[in-house]
Protein chains: 2
Amino acid sequence: MKPGSCHTECQQVLHLAERLCEGRGARLTPQRRQVLEILCASPKPLGAYDILDLLKQGVPAAKPPTVYRALEFLLQQGLVHRIESLNAYVGCVHPDHPHASQFLICRDCGEVRELESQSVERTLGSALRACGFKADSRVVEVTGRCLRCSEQETP
Amino acid sequence: MKPGSCHTECQQVLHLAERLCEGRGARLTPQRRQVLEILCASPKPLGAYDILDLLKQGVPAAKPPTVYRALEFLLQQGLVHRIESLNAYVGCVHPDHPHASQFLICRDCGEVRELESQSVERTLGSALRACGFKADSRVVEVTGRCLRCSEQETP
DNA sequence: AGTGTTATGTTATCACATAACATAAGCAAT
DNA sequence: ATTGCTTATGTTATGTGATAACATAACACT
Ligand SMILES: [Zn+2]
Ligand SMILES: [Zn+2]
Ligand SMILES: [Zn+2]
Ligand SMILES: [Zn+2]
């Protein structure tokens, strides 16, 4: 992640989130906004209690339900994603359209990259059709080493 | 799941597991074997504490680490899979060869079907190559309604 | 038998998530 | 403005999943 670029990216995402919620009649309250801000500012996924610790800086009375409620809202709105294999959450990088994405989780640097491969989605979709399975939600998470980390160290 | 067929299937899997472990010099101890047996006998994935309750029938002194250690071994040997989006475990239906599989989780009947679609694996593999990502493990889990459940009820 | 290794027993605790109920804030209609 | 409904938040407690740390026992190999 390029230093400096994050902050401006976060601002863009937050503005977009405001517009999206307003258009849907959904209330992006200060607390919810702060949780989204925390997630967008983090280069790595955060656990609910990590978020809680950070949120307390702005909302000292915050408790677990505070965070989980905000996450529930943000997940519904498609503004954040949950990473099942980490029990953690990331801000979505392009929340403007609904999408099923794939996550690449680097076990070395911890970074999570959100991919949106049409071919993967299509192939998975046809495999599901072949089984007669009606999918509600798809989880595709790959753990390994990102390009940068595999270039740095030899093994 | 056809009644009656499960028990014989379980036996086959258990015998296969014994052979595999023996061939690898891995020790399928009675406790580990019992955990595998519990998982194979269940048509649905089981949580670690579900397994614990069942295991206590044979090993009254069993405690959480007992189960988690057995699961760790069985996962390493490729005899069981963990379903990330359920925090639960299932016996593998064909543990004889290493594989990345896809899981179809029915939200109605709870059944989990293990798929091994070559096309999904290939497509995902090429998407990963395109990113320069070296995968260690892949998680593909789809939640929805299975064919049977979607035929039974109209919505 | 002696010794290193692997497996199990035991206790306590950590990490993640939600139930249940009370209070407050937003909002629309009178 | 007051009422009454709905949604959001506060608060306490608890449920659920997983592991740390250390002790003991079983096994394998010499
Ligand atoms: Zn996204
Ligand atoms: Zn990396
Ligand atoms: Zn399998
Ligand atoms: Zn079903």
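Each chain gets a letter, A, B and so on, in the order the sequences are listed, and its residues count up from 1.
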Next on the checklist: Using only atom types and a distance under 3.5 Å, with no angle test, would you say the side chain of T66(A) pairs donor to acceptor with the backbone of K63(A)?
Outcome noted: yes
Gap between atoms [atom1] and [atom2], on [X] and [N] respectively (whole Å):
X	N	atom1	atom2	answer
L52(B)	dG9(C)	CG	C1'	14 Å
Q76(A)	dA8(D)	CD	C1'	13 Å
E22(B)	dC27(D)	CD	C1'	16 Å
I51(B)	dT16(D)	CD1	C1'	14 Å
E72(B)	dT8(C)	CD	P	11 Å
R27(A)	dA25(C)	CZ	P	12 Å
K56(A)	dG10(D)	NZ	P	13 Å
D53(B)	dT16(D)	CG	P	11 Å

Next on the checklist: What residues from residues 80-89 of chain A pass a heavy-atom cutoff of under 4.0 Å to DNA chain C?
Outcome noted: R82(A), N87(A), Y89(A)
Checklist entry - With distance as the sole criterion, do the side chain of Y49(B) and the base of dA18(D) form a donor-acceptor contact below 3.5 Å? => result yes
Counting just side-chain N and O atoms, does [X] come under 4.0 Å of either OP1 or OP2 of [N]?
X	N	answer
R69(A)	dA8(D)	no
R32(A)	dA8(D)	yes
Y68(A)	dA17(C)	yes

Checklist entry - Would the number of heavy atoms belonging to other residues, nucleotides or ligands and lying under 6.0 Å from CZ of R113(A) be above 12? => result no
Checklist entry - Got more than 12 heavy atoms from elsewhere within 6.0 Å of CD, E116(B)? => result yes
Item to check | Nearest-nucleotide comparison on DNA chain D, the residue closer to the 5′ end among F73(A) and P64(A) | outcome: F73(A)
Return the [atom1] to [atom2] distance between [X] and [Y], rounded to the nearest 0.5 Å.
X	Y	atom1	atom2	value
E84(B)	T143(A)	CD	OG1	8.0 Å
Q77(A)	E72(A)	CD	CD	11.0 Å
D136(B)	I105(A)	CG	CD1	11.0 Å

Checklist outcome for this item: Against the side chain of P65(A), the closest entry in dT18(C), dG9(C), dT11(C) is dT18(C)
Next on the checklist: Of the options dA18(D), dG9(C), dT12(D), whose atoms approach the side-chain atoms of K63(A) most closely?
Outcome noted: dT12(D)
Checklist entry - Quick one: do F133(A) and V140(B) end up in the same hydrophobic cluster if we chain Ile, Leu, Val, Met, Phe, Trp and Tyr together by side-chain heavy atoms under 4.5 Å apart? => result yes
